[in-house]
Amino acid sequence: MFDWIAGVISAMGYGGLALLMFLENVFPPIPSELIMPLAGFHAAEGRFAAVGVVLAGSAGSVAGVTLWYWAGRRYRADRLRDLAGRHGRWLSLTPAEVDRALDWFDRHGEAAVFLGRLVPALRTLISIPAGLGRMPLWRFLLWTTGGSLIWNALLTAAGHVLHANYDRVQAWLDPVSTAVVVGMIAIYLYRVATFGRRSGQQADRARRSTDRAPRQRRG
């Protein structure tokens with residue numbers, strides 16, 4: 001994967017970098033933690049401008065997450081719950097998990113979008129509840145662009161810092177990036193395999209909450 005990413009950046013320049021970061025947000029197993037430091041390394045060698053690297057990477061990131069935002073707005077919460085109910089095993093998503101994501105977004109709002117762009121596990125997924133929650137597009141773009149610029153600037157700076165030792169770093173980055181992809185596939189397969197158990201546990205919790213409610217009201 002490392003060699004492929006390096007080849008795209010070398011061949012296509014800023015456009016290739018933006019494309020990779022777009023794909024990273026549409027297909028997360030392509031990690032920004034590998035793309036942007038490599039671009040920062042090229043900037044340290046004088047092949048690109050560091051500012052151009054950050055702007056190109058951020059443009060690709062924002063374009064990718066905006067697709068997920070529009071998917072959330074178009075699909076709406078009730079349809080997503082229905083989809084999770086019918087095809088949840090293969091989505092590895094239950095209706096209760098959809099509700100939890102929406103509740104979390106409702107509590108944190110704009111901060112969730114901004115800070116979510118700085119958290120690897122949430123960087124892409126936070127866009128969906130933003131769309132489902134009908135967050136205005138201009139506010140979504142404002143906060144997600146701010147978070148993306150900070151994240152990509154930090155990764156680009158890391159490439160600059162590692163410049164002198166990048167040949168050594170490359171030796172372990174490639175197997176690490178491959179391990180990330182394998183790990184994400186394994187997590188998905190685990191969620192598919194345990195879907196029935198998670199659904200049952202969530203249904204049990206919902207029933208217990210329903211059973212307790214009348215007793216609390218009578219008291």
Reported CZ-to-CG distance for the pair Arg117 and Asn152, which is rounded to 0.5 angstrom: 7.5 Å
For residues 35-44, run the donor-acceptor check on the side chains, cut-off 3.5 Å, and write out each pair with its distance to 0.1 Å, sequence neighbours left out.
unit_1: His42; atom_1: ND1; unit_2: Arg47; atom_2: NH1; d: 3.0

Should Val54 and Leu142 be counted in the same cluster of Ile, Leu, Val, Met, Phe, Trp and Tyr side chains packed under 4.5 Å apart? no
Say you draw a straight line from CH2 of Trp143 to OG of Ser148; how long is it, rounded to the nearest 0.5 Å? 13.0 Å
Which heavy-atom pair separates Phe140 from Ser127 by the least distance, and what is that distance? CZ-OG, 3.7 Å
Does anything in residues 125-149 pair up under salt bridge (charged side-chain N to carboxylate O under 4.0 Å, His left out), and if so which pairs, sequence neighbours excluded? Glu110-Arg139
Applying the 4.5 Å side-chain criterion to the ILVMFWY set and letting contacts propagate, would Val51 and Ile9 be lumped into a single cluster? no
Taken to the nearest 0.5 Å, the spacing of Leu155 CG from Ile150 CD1 works out to 12.0 Å
For the side chain of Tyr69 and the backbone of Leu137, is there at least one donor-acceptor N/O pair under 3.5 Å apart? yes
Roughly how far, to the nearest 0.5 Å, is the CD1 atom of Ile128 from the CG atom of Leu67? 11.0 Å
Taking all heavy atoms of Ser58 and all of Leu149, pick out the closest pair and write down the distance. OG-CD2, 3.4 Å
Any chain of hydrophobic side-chain contacts (each under 4.5 Å) joining Val62 to Leu115? yes
Are Val65 and Leu141 co-members of a hydrophobic cluster defined by side-chain heavy atoms under 4.5 Å apart? yes
Val113 and Ala130 have their tightest heavy-atom pair at CG2-CB, 4.1 Å
Determine, using the 4.5 Å side-chain heavy-atom cutoff (strictly less than), whether Val8 and Leu55 are members of one ILVMFWY cluster. no
Could you list the donor-acceptor pairs under 3.5 angstrom formed by side chains in residues 14-21, with sequence neighbours left out?
unit_1: Tyr14; atom_1: OH; unit_2: Ala49; atom_2: N; d: 2.8

